[in-house]
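Any value given below was found using the heavy atoms of this structure, including those in side chains, with hydrogens, waters and symmetry copies removed. Indexing begins at 1, ligand by ligand and atom by atom, following the structure's order.
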Amino acid sequence: MVNVLVTGGAGFIGSNFVRYALATHPDWRITTLDKLTYAGRLENLQGVMEHPRHEFVKGDVADPSVAGPLVRESELVVHFAAETHVDRSIANAGEFITTDVYGTFVLLEAARQTPKLRRFVQISTDEVYGSVPSGASRETDELKPRNPYSASKAGADRLAYSYWATYTVPVIITRASNNYGPNQFPEKIIPLFITNAVDDIPVPLYGDGLNERDWLYVLDHCRGLDVAIERGIDGEVYNIGGGNQVRNVDLTRRILQLVGRPESLIKPVADRPGHDRRYSLDTSKLQSLGWRPQVAFDEGLADTVTWYRNNESWWRPIKDQDPAFRKYYQDQYGSTRS
Ligand code: NAD
Ligand code: DAU
């Protein structure tokens, strides 16, 4: 059995990864370590909480007394845990430094003391390259993060690399583009706009709506991580992108069409400060190891809309009843309903 530690496994990508990994690797015994912040939800692990090869531990990656022993028992660490929402980092960056940078340091220190560790996967992001006016970012490109979230992720990304270069901790770093799919917290554009559209309330589009993201279906991300874990080389960085460049306004129109709502629901609002115009990834390095994204964007988006329609019991308690989310929405958008 391979002992695997997944941090942040109750979040969006982490929970999809835990489910995928239990199904794909019968020889993996997975421990999920998650603090259960506002974004971490045990419902995301429904069906695998009782799995004989899965254990859940509630705890903070930045607490060495909890995270240290778990790392030291592992052959593989897949480190997803982070504060992840750019808008929240702009409002309040403190937690991003504590979790994304210091938390990664705590895990790496423990990894340094774990001779049996075969791989430490630092889940980074395409945001570390900053805004890319044209072309596609390669792994060797300069990092130019421009908001507190991406700066904290860039810090963690390079810290992880330094533990490979200095102490030969077997680190690989993956930089994925914007993920979408089931169980994404309804603060990010796709789930926010789908659920607003279902409720027939405006969708707040930042600025001129011409910012561009490269959309990656979450399961394609999981498969890409698997390839990087199995075939990647220590000390290397791997981009994981979907190859689906879409302007926000076009994404919004597609969502409204899929939900069956008029474009008049689009509400232009003030732009995000420091809003990165465009991200785009060159994924030829991971593709050379045998990975390809499999889910076409139209198909993945339609499936995602269907998932949110069929799982109102997952998101309504957050959007309609959670006072913390309602306060966040009010602070961010000025009104809870428009
Ligand atoms: P998410 O916000 O849905 O989940 C984050 C999880 O981390 C939650 O379960 C939360 O409870 C947990 N967590 C937060 N702080 C913690 C702490 N101190 N200790 C333990 N657990 C803690 O995030 P996500 O979208 O699933 O992103 C997962 C990872 O992937 C992050 O590292 C993020 O930077 C990276 N990433 C995300 C995307 C994307 O589009 N969502 C793209 C590229 C990279
Ligand atoms: O690129 C990878 C990153 O993608 C990850 O590292 C982050 O963790 C993840 O949150 C995501 O960051 P973005 O800022 O790109 O995602 P978000 O869904 O917040 O925004 C996507 C685009 O939509 C962005 O251009 C801002 C815009 N937007 C977003 C929201 C929430 C709006 O126009 N209106 C909104 O209400």
Side-chain angles (χ1 to χ4, degrees), residues 6-17 32-42 44-45 57-63 66-67 78-90 95-96 98-100 102-104 106-107 121-129 131 145 147 149-150 152-153 156-157 174-181 183-193 196 202-216 218 221 225 239-242 246-249 251-252 266-272 275-281 329 332-333:
V6 175
T7 73
F12 163 46
I13 306 172
S15 61
N16 276 282
F17 182 78
T32 296
L33 170 62
D34 198 295
K35 189 179 171 183
L36 296 182
T37 67
Y38 78 93
R41 316 192 72 79
L42 284 181
N44 293 349
L45 292 168
V57 177
K58 182 171 185 233
D60 189 337
V61 291
D63 179 351
V66 179
V78 190
H79 176 33
F80 292 97
E83 288 294 332
T84 63
H85 191 37
V86 172
D87 292 326
R88 290 187 192 251
S89 83
I90 291 166
E95 283 293 316
F96 290 73
T98 312
T99 290
D100 301 12
Y102 187 76
T104 302
V106 168
L107 296 174
V121 185
Q122 173 60 24
I123 305 291
S124 189
T125 166
D126 64 356
E127 292 209 16
V128 298
Y129 296 114
S131 200
N147 63 62
Y149 161 70
S150 54
S152 69
K153 291 296 290 186
D157 176 313
T174 60
R175 297 181 184 146
S177 64
N178 282 63
N179 282 223
Y180 70 104
N183 295 104
Q184 186 169 31
F185 195 80
E187 64 189 352
K188 309 283 167 69
I189 189 171
I190 288 184
L192 178 70
F193 283 16
N196 277 18
V203 295
L205 187 61
Y206 295 160
D208 60 9
L210 300 182
N211 300 64
E212 217 174 283
R213 297 292 184 264
D214 167 10
W215 291 99
L216 172 68
V218 65
H221 187 184
L225 290 172
N239 287 342
I240 312 180
V246 186
R247 298 183 315 174
N248 290 342
V249 67
L251 169 68
T252 306
I266 298 176
K267 181 182 179 190
V269 298
D271 208 354
R272 171 185 281 176
H275 196 174
D276 285 339
R277 193 65 164 169
R278 178 176 177 272
Y279 303 134
S280 179
L281 287 178
Y329 200 96
Q332 185 65 27
Y333 300 106

State if Gly59 counts as touching ligand 1 under the rule of any non-hydrogen atom under 4.0 Å. yes
Within the structure, is a non-hydrogen atom of Ala10 found at a distance of less than 4.0 Å from ligand 1? yes
Could an N or O of ligand 2 be found under 3.5 Å from any N or O of Asp276, whether backbone or side chain? no
Within 4.0 Å of some non-hydrogen atom of Lys153, the atoms of ligand 1 are 31 (C), 32 (O), 33 (C), 34 (O)
Heteroatom proximity flag, Thr125 to ligand 1, N/O under 3.5 Å: no
What do you reckon, does Thr84 have a nitrogen or oxygen under 3.5 Å from a nitrogen or oxygen of ligand 1? yes
Quick look: Leu36 vs ligand 1, heavy-atom contacts under 4.0 Å, and the answer is backbone
Taking both backbone and side-chain atoms of Ala81, is any N or O found less than 3.5 Å from an N or O belonging to ligand 1? no
From atom 40 (O) of ligand 1, work out which of Leu107, Asn179, Val66 has a heavy atom at the shortest distance. Asn179
Can you tell me how the ring of Tyr333 sits relative to the ring of Tyr206, calling it parallel under 30°, perpendicular over 60° and tilted otherwise? parallel
For Gly8, atoms of ligand 1 separated by under 4.0 Å from a heavy atom: 6 (C), 7 (O), 9 (O), 12 (C)
Between Gln184, His85, Arg272, flag the one that comes closest to atom 14 (O) of ligand 2 by a heavy atom. Arg272
Counting each atom of ligand 2 from 1 as listed, which ones have a heavy atom of Lys188 under 4.0 Å away? 10 (O), 18 (O)
Between the candidates Glu127, Glu212, Gln332, Arg247, which shows the shortest non-hydrogen contact distance to atom 13 (P) of ligand 2? Glu127
Just which atoms of ligand 2 are under 4.0 Å from any heavy atom in Phe193? 34 (N), 36 (O)
Check ligand 1 against Tyr149 and write out every atom of the ligand that is under 4.0 Å from a heavy-atom position of the residue. 33 (C), 34 (O)
For atom 43 (C) of ligand 1, what's the nearest protein heavy atom and its distance? Ala176 O, 3.3 Å
Are side-chain heavy atoms of Ser15 and Leu45 found at a separation under 4.5 Å? yes
Polar contacts were defined as any N/O atom of the residue lying under 3.5 Å from an N/O atom of the ligand; does this apply to Thr37 and ligand 1? yes
Is the closest heavy atom of Ser124 to ligand 1 under 4.0 Å? yes
In the protein, which heavy atom is nearest to atom 37 (C) of ligand 1, and how far is it? Ile13 CD1, 3.4 Å
Minimum distance, heavy atoms only, to atom 25 (O) of ligand 2: which one of Arg175, His275, Lys153 is it? His275
Can you list the atoms of ligand 1 that are under 4.0 Å from a heavy atom of Asn178? 40 (O)
Atom 5 (C) of ligand 1: which of Ala39, Ala82, Gly40 has the nearest heavy atom? Ala82
What protein heavy atom sits nearest atom 18 (N) of ligand 1, and how far off is it? Asp60 OD1, 2.8 Å
For Asp126, which part has a heavy atom under 4.0 Å from ligand 2: side chain, backbone, both, or neither? side chain
State the atoms of ligand 1, each with its element, that fall below the 4.0 Å cut-off from a heavy-atom position in Ser177. 40 (O), 42 (C), 43 (C)
Which residues pass the side-chain hydrogen bond (donor to acceptor under 3.5 Å, both in side chains) test with Arg277, sequence neighbours left out? Asp208, Asn211
Hey, does Phe80 sit under 4.0 Å from ligand 1 if you only count heavy atoms? yes
List every atom of ligand 2 that sits less than 4.0 Å from any heavy atom of Leu192, numbering the atoms from 1 in the order shown and giving each element. 36 (O)
Proximal candidate to atom 23 (O) of ligand 2 [heavy atom criterion; set Ile189, Asp271, Asp87]: Ile189
Could you tell me whether Leu33 and ligand 1 have an N or O pair separated by under 3.5 Å? no
Atom 4 (O) of ligand 2 has as its nearest protein heavy atom Asn178 ND2, 3.1 Å
State the atoms of ligand 2, each with its element, that fall below the 4.0 Å cut-off from a heavy-atom position in Thr84. 7 (C), 8 (O), 9 (C), 10 (O)
Note: ligand 1 atoms sitting under 4.0 Å from heavy atoms of Thr99 are 15 (N), 16 (C), 17 (C), 18 (N)
Heavy atom to atom 12 (C) of ligand 1, shortest distance: which of Asn16, Asn183, Asp34 holds it? Asp34
Using side-chain heavy atoms (C-beta onward) and a distance below 4.5 Å, is Thr104 in contact with Gln122? yes
Would you say Lys153 and Glu127 make side-chain contact, with heavy atoms under 4.5 Å? no
Among protein heavy atoms, which lies nearest atom 5 (C) of ligand 2, and at what distance? Tyr149 OH, 3.5 Å
Under 4.0 Å, counting heavy atoms only: does Thr7 come that close to any atom of ligand 1? no
What's the shortest distance from atom 21 (N) of ligand 1 to any protein heavy atom, and which residue and atom give it? Lys35 N, 3.1 Å
Sort out for me which residue in Asp60, Thr7, Val66 forms a side-chain contact (heavy atoms from CB on, under 4.5 Å) with Lys35. Asp60
Heavy-atom check, side chain of Phe80 versus side chain of Leu225, under 4.5 Å: yes
Looking only at N/O atoms, are Tyr333 and ligand 2 under 3.5 Å apart anywhere? yes
Numbered in order shown, the ligand 2 atoms found under 4.0 Å of a heavy atom of Val86 are 14 (O)
Ligand 2 atoms nearer than 4.0 angstrom to some heavy atom of Leu205 are 33 (O)
Any idea which protein heavy atom is nearest atom 19 (N) of ligand 1, and the distance to it? Val61 N, 3.0 Å
Minimum-distance protein heavy atom relative to atom 28 (N) of ligand 2: Tyr206 CD1, 3.5 Å
Is there a nitrogen or oxygen of Gly11 sitting under 3.5 Å from a nitrogen or oxygen of ligand 1? yes
Considering both backbone and side-chain atoms of Ser177, is one of its nitrogen or oxygen atoms within less than 3.5 Å of a nitrogen or oxygen in ligand 2? no
Taking atom 30 (O) of ligand 1 as the reference point, the nearest protein heavy atom with its distance: Ile123 CG2, 3.4 Å
Taking a cutoff of less than 4.0 Å between a non-hydrogen atom of the residue and any ligand atom, is Tyr38 in contact with ligand 1? no
Go through ligand 2 atom by atom and flag the ones less than 4.0 Å from a non-hydrogen atom of Glu187. 31 (C)
Could you tell me the residue and atom name of the protein heavy atom closest to atom 25 (O) of ligand 1, and the distance to it rounded to 0.1 Å? Phe12 CD2, 3.7 Å
